[in-house]
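Here is the structure we will look at, set down as structure tokens.
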Amino acid sequence: MKRSLMCGNWKMNKTVAEAKDFARELVSMNLPNADDLVIIAPFTQLSTLAEELKDTPIKLGAQDVYYEDAGAYTGEISAPMLGELGVSYCLVGHSERRELFGETDRNCNLKIKALIKEGIIPILCVGEPLAVREATNEFSYVGAEIYAAFDGIGTEDSQRIVIAYEPIWAIGTGKVATADQAEYMCGFIRGLIAGLYDNAVAENMPILYGGSMKPDNAKELLGSMQIDGGLIGGASLKVDSFAELADIANSCK
Ligand code: PGA
């Protein structure tokens, strides 16, 4: 059966009180696919959300991590710290971290390894900027990101990873990739994973699409056999639109 993992990336939004209200409302909706929903929140909200979601199937995610377990790394948060809070997923290499905060491919690789060691599922974000797509170099660009991120990761650990394809030109711009563009790239990524590991690993790996996914375009994107869910920014901030997206995802299974 096709999966549809729907991850709401709140980015730098919401106070603790707002996060709590959102979680209570979402939980009260008793959505049938609640076990395929992840709320990816800022660090300050994680312990409150963990409390609110603890007896529910809805999962909790973080937006970043540092790859060392502990030490003199002012401002950073480690995988064991996230694990202690009950975090199940963590973004790695979101394009905003790569573009605004200097995240490198090497760091992404180390972060993935640190998360897997802690039993947290990394959601590796890849995707090309507009200039790269205009120069038709998007496949080699995304391919290089994938190879760097999976460097030194064995077959068993590779099965603990989720990939999110997010073309940078579609993030927060309202400019969504067409279902064909998204499907083609997700299929390309699956092919790379099959080459690195095997067909079974590639077939079972959840590959999400992200970039201006909204209730009015989600059905087409999630209908693709190559797209196993969404990484949703703007449309995840309101509980009604996130629930609507969850509903659409459920109907696309
Ligand atoms: P968007 O963000 O849905 O607001 O485009 C997606 C993301 O950056 O994960």
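In listed order, ligands and their atoms are each counted from 1.
- Salt bridge present: Arg24 and Glu52 bring a charged side-chain N and a carboxylate O closer than 4.0 Å.
- Within the structure, every pair that satisfies the ring-ring contact (aromatic ring centres under 6.0 Å, His included) test and touches residues 72-121, not counting sequence neighbours, is listed here: Tyr66-Tyr73.
- Clustering of Ile, Leu, Val, Met, Phe, Trp and Tyr by side-chain heavy atoms under 4.5 Å joins Met12 with none of the others.
- Donor-acceptor pairing under 3.5 Å is lacking for the side chains of Gln45 and Trp10.
- Listed as neighbours of ligand 1 are Asn9, Lys11, His94, Glu166, Ala170, Ile171, Gly172, Gly211, Ser212, Leu231, Ile232, Gly233, Gly234, each bearing a heavy atom under 4.0 Å from the ligand.
- Among residues two or more places apart in sequence or in another chain, the salt bridge (charged side-chain N to carboxylate O under 4.0 Å, His left out) test is passed with Arg98 by Asp105, Glu145.
- Just one residue in the list Asp228, Asn204, Asp36, Asn33 forms a side-chain hydrogen bond (donor to acceptor under 3.5 Å, both in side chains) with Arg3, and that residue is Asp36.
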